[in-house]
2 protein chains.
Amino acid sequence: MTHPLDPVFSALADPTRRAILTMLLEDDMAVTDVAEPFQMSLAAISKHLGILADAGLITRERRGRVIWCKLEPDALRAASVWMQGFGQFEPVDLDAFERFLETELSDPPDAGPDRSDQSSDDRA
Amino acid sequence: MTHPLDPVFSALADPTRRAILTMLLEDDMAVTDVAEPFQMSLAAISKHLGILADAGLITRERRGRVIWCKLEPDALRAASVWMQGFGQFEPVDLDAFERFLETELSDPPDAGPDRSDQSSDDRA
DNA sequence: TTGATCGTCAACCGTTTGGTTGAATATCCA
DNA sequence: TGGATATTCAACCAAACGGTTGACGATCAA
């Protein structure tokens, strides 16, 4: 892992971690709340968050008992810039954008948050 | 590896593979020529090329004894667009984003990249 | 202080990854 | 035909990955 881009792409390669980033896009979240929609242990989510943090994609800040996770888009932008180097494609392409949405919804049953209803959830 | 973006980011996570993509950005290359600058076996490079091909990032075409590797930027674009979603922080409204998602899903999109314009070869 | 909650750590486990080597296949050339 | 070149295949290996469980340190609330 010599190149600084390695841990970023490596972190993005996991659908759980991408789902977490998507959730954090909406708002900062506590670790427990991040873990809630997933069918895996809190420890597993904690590891995923560690990987995301090591890649610089998120930061974590303790406030009392709770650790808040915050998206850090700068690392993402660095990777994005690398890919733009290959781009004969423009940054904001609506067609590609809808393809993105389409693929996001085709998430497998237990690999991502079920965004249809998230009751019993109160943050902040 | 259920999500179509998984193999793409996974392929990009390796510096050798990113280097190969960069080389192919310049021109199509034979497998042996791809392998030449690396300090690993030809078989290892062949595996890397297989991974890149499975991710849709390159295609390979046999011409005589030689297999030519060609960059396919469309898969890269899909990943790039996913990341662009995070770059758009300010103007992006998550609710509108999800509404957009719903409407786009009810409208079957024409199924993605199919650019098979193979010009006749020249180099031998 | 006691007890519940939040999150990580440590050890473990099966699978995947990234490399090796040697044999196999396919094609060109003489 | 036979030999050289181009590439993959198969078996193997150590290391990393993604998950589990149980114990642990912190913090809040009573």
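Per chain, numbering begins at 1; letters A, B, ... match sequence-line order. Everything quoted here is computed from the prediction, not taken from an experiment. Both backbone and side-chain heavy atoms feed into the values below; hydrogens, waters and symmetry mates do not.
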Trainee: Under 4.0 Å, heavy atom to any atom of DNA chain D: which of residues 45-64 of chain A qualify?
Mentor: A:K47, A:H48, A:I51, A:G64

Trainee: Rounded to whole angstrom units, what separation is found between the CD1 atom of B:I67 and the C1' atom of D:dT8?
Mentor: 8 Å

Trainee: Following the transitive rule for hydrophobic clusters with a side-chain heavy-atom cut-off under 4.5 Å over Ile, Leu, Val, Met, Phe, Trp and Tyr, establish whether A:V81 and A:L76 coincide in one cluster.
Mentor: no

Trainee: Write down the atom of A:A75, the atom of A:A55, and the distance for their closest heavy-atom approach.
Mentor: CB-O, 3.7 Å

Trainee: Which residues pass the side chain to side chain contact (heavy atoms under 4.5 Å, CB included) test with B:R60, sequence neighbours left out?
Mentor: B:L49, B:A53, B:I58, B:I67, B:C69

Trainee: How do A:A43 and A:D14 order along DNA chain D: which one's closest nucleotide is nearer the 5' end?
Mentor: A:D14

Trainee: Would you say D:dT20 has OP1 or OP2 under 4.0 Å from some side-chain N or O of A:S41?
Mentor: yes

Trainee: Between P on D:dA6 and CD on B:E36, what's the gap in Å once rounded to a whole number?
Mentor: 12 Å

Trainee: Send over the distance from A:M40 CE to D:dC17 P, rounded to a whole Å.
Mentor: 16 Å

Trainee: Whole angstrom is fine here: how far is it from CG in A:L42 over to P in D:dA23?
Mentor: 17 Å

Trainee: In chain order, what residues pass the salt bridge (Lys or Arg N to Asp or Glu O under 4.0 Å) check against A:E61, with sequence neighbours excluded?
Mentor: A:R63

Trainee: Decide yes or no for A:D6 and B:P15: does some side-chain heavy atom of the first lie under 4.5 Å from some side-chain heavy atom of the second?
Mentor: yes

Trainee: Rounding to an integer number of Å, can you tell me how far B:F9 CZ sits from C:dT17 P?
Mentor: 17 Å

Trainee: Write down the distance between CZ (A:R65) and P (D:dC28), rounded to a whole number of angstrom.
Mentor: 7 Å

Trainee: Do any side-chain atoms of residues 29-48 of chain B form donor-acceptor pairs under 3.5 angstrom with protein atoms, and if so which ones, sequence neighbours left out?
Mentor:
unit_1	atom_1	unit_2	atom_2	d
B:S41	OG	B:A44	N	3.2
B:H48	ND1	B:R17	NH1	3.1

